[in-house]
Protein chains: 2
Amino acid sequence: MVQRKFRPFDLEALTHAADCLRTLAHPVRIRMVQLLLQGRYTVGEIAEDCGIAENQASEHLRLMQRCGFLSSQREGRCVYYQIAEPHLEQIVSCIEDRFLANPKS
Amino acid sequence: MVQRKFRPFDLEALTHAADCLRTLAHPVRIRMVQLLLQGRYTVGEIAEDCGIAENQASEHLRLMQRCGFLSSQREGRCVYYQIAEPHLEQIVSCIEDRFLANPKS
DNA sequence: TAAACATATCGTCAACTCGCGATATTTCAA
DNA sequence: TTGAAATATCGCGAGTTGACGATATGTTTA
């Protein structure tokens, strides 16, 4: 019976949320997160899965790392990326439920 | 023990999901959805809550209506907007959990 | 019908995004 | 130490987004 209190208009928090959402709002980046929810992968593996060039993959990954979604470690020549933001699973799950589950308009 | 089957790369579905996400990825539009989750409101009321001009509010509302998030009816001079996509509550709830609950970086 | 109100649309401009080729950096192997 | 592999960064150009003032449309009241 907890009435969700209606938040004040916190422009800064809303802007931060919007920035992070926008970071996710790209077909390739959603795909990358789906892949990385399965485990850690190198830039090359991710690029191949998404069918894009390595430099583009690197750029997308950098954006998502910058807003805290991903982290990376270098191992030898390769750099492994992985999910760093635990809420991503829930968020992507919502998106899958609505947009990627059963093809509806 | 259901291993979530790893989806094929469906560019069209991913693009649609990304388009809709991008529609939500704006501080004012997130706020509008939060407000409309409480009930239906007119353009003027929404504009005032968000602290923006009516024409801008109208534009934001149009974008969200176009991708199926909102619907509207005219009643007299006023136009009422409301949530049309049931999944929005869940999605915004995820976003609030992560970004709007307790102020963390 | 004219004026006022509520909303919608248009045009413009600055800012940002994306893809892409070129180049740089880091690491390993020969 | 030279070259190749893996990744990152840069610069450009086309396209998109957002804010905003101006104008248009639809509705009610005088």
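All chains are named by letter (A, B, ...) in the order of the sequence lines, taking the proteins before the strands, and each is independently numbered beginning at 1. Since the structure is predicted, the reported quantities are computational estimates derived from the model, not experimental observations.
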query: Y81(A) near the nucleic acid: base, sugar-phosphate alone, or nothing, with a heavy-atom cut-off under 4.0 Å?
result: sugar-phosphate
Roughly, in whole Å, what's the span from [atom1] in [X] to [atom2] in [N]?
{"X": "R74(A)", "N": "dC28(C)", "atom1": "CZ", "atom2": "C1'", "value": "11 Å"}
{"X": "Q73(A)", "N": "dT26(C)", "atom1": "CD", "atom2": "P", "value": "18 Å"}
{"X": "L61(B)", "N": "dA8(C)", "atom1": "CG", "atom2": "C1'", "value": "11 Å"}
{"X": "E54(B)", "N": "dA8(C)", "atom1": "CD", "atom2": "P", "value": "11 Å"}
{"X": "N55(A)", "N": "dT23(C)", "atom1": "CG", "atom2": "C1'", "value": "11 Å"}
{"X": "E59(B)", "N": "dT12(C)", "atom1": "CD", "atom2": "C1'", "value": "14 Å"}

- prompt: Looking at H26(A), does any N or O in its side chain come under 4.0 Å of the phosphate oxygens OP1/OP2 on dG19(C)?
  reply: yes
- request: Determine: side-chain N/O of S58(B) to OP1/OP2 of dT7(C), distance under 4.0 Å, yes or no.
  value: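 Looking at the OP1 and OP2 atoms of dT7(C), neither is under 4.0 Å from any side-chain N or O of S58(B).
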- request: For side-chain hydrogen bond (donor to acceptor under 3.5 Å, both in side chains), just list the numbers for Q90(B) and R98(A), CA-CA rounded to whole Å, side-chain angles, deciding distance to a tenth of an Å, and then say yes or no.
  value: CA-CA 10 Å; Q90(B) 192 193 2; R98(A) 168 59 186 88; over 6 Å; no
Could you report the tightest heavy-atom contact between [X] and [Y], atom names first, then the distance?
{"X": "Y41(B)", "Y": "Q38(B)", "result": "OH-CB, 4.2 Å"}
{"X": "A17(B)", "Y": "L100(A)", "result": "CB-CD2, 4.2 Å"}
{"X": "Q65(A)", "Y": "Y81(A)", "result": "OE1-CE2, 3.6 Å"}

message: Can you tell me how far apart OG (S71(A)) and CZ (R40(A)) are? Round to the nearest 0.5 Å.
response: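 These two atoms lie 9.0 Å from each other.
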- line: Under a 4.0 Å heavy-atom criterion, DNA chain D is touched by chain A from dA5(D) to dT9(D)
query: Hey, is the main chain of G76(B) close enough, under 3.5 Å, to the side chain of R74(B) for a donor-acceptor pair?
result: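 Present.
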message: Any side-chain to backbone donor/acceptor pair from R29(B) onto R31(B)? Under 3.5 Å, distance only.
response: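 Checked: no pair found.
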- prompt: Taking for each residue the nucleotide of DNA chain D with the nearest heavy atom, is it E75(B) or Q56(B) whose nucleotide lies nearer the 5' end?
  reply: Q56(B)
Nearest-nucleotide 5' precedence on DNA chain D, R77(B) against Y80(A):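 The residue mapped nearer the 5' terminus is Y80(A).
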message: Near DNA chain D, counting only heavy atoms under 4.0 Å, which residues of residues 62-72 of chain A show up?
response: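 Output list: R62(A).
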- request: Using the six-membered ring wherever Trp is involved, compare the ring planes of H26(A) and H60(A) and label them parallel, tilted or perpendicular (cut-offs 30° and 60°).
  value: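 Correct class here is tilted.
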Below 4.5 Å, heavy atoms only, C-beta onward: do [X] and [Y] meet side chain to side chain?
{"X": "L61(A)", "Y": "V79(A)", "result": "no"}
{"X": "L11(A)", "Y": "P27(B)", "result": "yes"}
{"X": "M32(B)", "Y": "I52(B)", "result": "yes"}

query: For the helix from dT1(C)-dA30(D) to dA30(C)-dT1(D), how many degrees between its two end axes (five pairs per end), to the nearest 10°?
result: 10°
